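Following: one structure in structure tokens, then a few remarks.
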Amino acid sequence: MKRVYLDNAATTKLIPEVLEAMMPYMTEIYGNPSSPHYFGQQSGMAVDKARQQVADAIGAEAGEIIFTSGGSEADNTAIRGIAERYAKKGKHIITTAVEHHAVLHTCQYLEKHGYEVTYLPVDEYGLVTVDQVREAIRPDTILVTIMFANNEVGTIMPIPEIGALCREKGIFFHTDAVQAVGHVRIDVKEMNIDMLSMSAHKFHGPKGIGALYVRKGIIVPPLIYGGAQERNRRAGTENVPGIVGMGRAIELACENLDEKAAKMMLLRDKLIREIPARIPEVKLNGHPTKRLPNNVNYSIKYIEGESILLMLDLNGIAASSGSACTSGSLDPSHVLLAMGLTHEVAHGSVRMTLCDETTEEDIDYVLEVLPKVAERLRKMSPLYHG
Ligand SMILES: *Cc1c(COP(=O)(O)O)cnc(C)c1O
């Protein structure tokens with residue numbers, strides 16, 4: 001059976017060059033980077049190189065990169081770290097209603113511990129404006145945390161503008177850029193970003209490794225205490241193969257980034273254009289232009305996203321109905337609800353996320369299968385009257 005993987009926002013395929021870079025560190029180069037002997041030095045040098053590769057990809061310095069176990073840990077470290085360290089200055093945090101759960105649940109945890117959190121509402125496209133952020137700032141605001149790009153609908157937030165505002169007001173600015181790194185050009189200095197989270201498995205690197213950029217001069221206490229690894233900012237023996245893989249993957253992702261993004265956008269736009277031409281009563285979720293080059297999200301009215309996914313899967317197509325973390329629960333996506341969709345329309349959403357290996361044949365196959373699936377399910381739907 002033909003298989004088409006359109007769930008790259010959930011995770012991506014590890015590319016052979018990345019595995020190749022990692023292999024020696026899973027076999028013969030096994031020293032602990034903290035050990036001063038030859039074996040340790042070999043591993044230590046590899047970690048240094050990867051740190052530089054990650055820093056270069058976002059315009060940072062190597063000393064500003066902390067390796068973590070992934071995007072969730074990076075988000076937790078940034079938000080809980082700033083909250084703890086700067087509690088005397090204030091206990092107010094600003095975020096949005098459409099963040100990933102790694103940010104939302106961390107903020108909810110802090111609310112139980114005496115912090116106040118403002119969850120900015122978004123417009124119908126999933127956007128917040130810099131004016132909303134400005135109006136929410138209070139004398140006790142210590143942190144603004146707003147995602148770079150949304151994982152469900154692909155909407156890209158006005159990050160440089162928010163960064164400039166936070167810098168002007170002297171408030172720390174963190175962004176969860178897990179969906180953006182490798183797809184969108186990022187320069188943390190130009191964009192006035194103080195902290196940025198990323199995760200290797202979202203850009204064809206290995207799972208279980210990520211990083212947090214922390215601008216020089218900002219002190220973020222560790223989430224994990226123990227040894228002096230990561231300059232006392234994150235204890236635990238380094239995941240050397242993972243770190244090496246992340247370095248190579250981010251380097252590859254940033255090579256010809258614009259060309260790869262342009263190629264994905266062509267296919268993305270073909271889906272965006274052709275789905276409403278072939279299926280009546282659908283709604284594009286997310287912004288028409290300010291969106292990730294690989295994200296398509298449609299609500300197919302009168303039917304359940306879960307049933308669509310099941311039938312797509314039977315036809316070899318892997319898609320998603322929101323985030324991998326929320327599928328399995330029956331609640332509709334908090335992102336789509338925040339954008340003003342009704343429960344019914346939110347339930348009918350299908351997310352398809354491409355990668356640079358996605359082909360036009362893949363897209364044509366989806367355009368052949370999806371209308372048939374929608375029609376079949378609608379015939380069985382009590383809500384649909386043709
Ligand atoms: C995937 C994702 C995360 C979590 O990253 P992990 O490495 O899986 O912990 C956080 N934020 C966003 C926006 C994501 O897409």
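Values in this document were obtained by computation on a predicted structure and should not be read as measured data. Whatever order the structure lists them in is the order used to number ligands and atoms, beginning at 1.
- Remark: Arg378 is not positioned above the aromatic ring of Tyr302, lacking an NZ or CZ atom under 6.0 angstrom from the ring centre and at most 45 degrees off the axis.
- You'll find the ring centres of Tyr30 and Phe39 inside the 6.0 Å limit.
- Taking the six-membered ring for Trp and the full ring otherwise, the centers of His105 and Tyr109 sit at least 6.0 Å from each other.
- Looking at Leu312, Val366, Leu6 one by one, the single match for side chain to side chain contact (heavy atoms under 4.5 Å, CB included) with Val350 turns out to be Leu312.
- Pairs of residues two or more places apart, or lying in two chains, that qualify as ring-ring contact (aromatic ring centres under 6.0 Å, His included) and include a residue from residues 40-92 are Tyr86-Phe172.
- Closer than 4.0 angstrom to ligand 1 sit non-hydrogen atoms from Gly70, Gly71, Ser72, Asp75, His100, Asn151, Asp176, Val178, Gln179, Ser199, His201, Lys202.
- Remark: of the listed residues Lys260, Lys263, Met264, Met264 is the sole one forming a side chain to side chain contact (heavy atoms under 4.5 Å, CB included) with Asn294.
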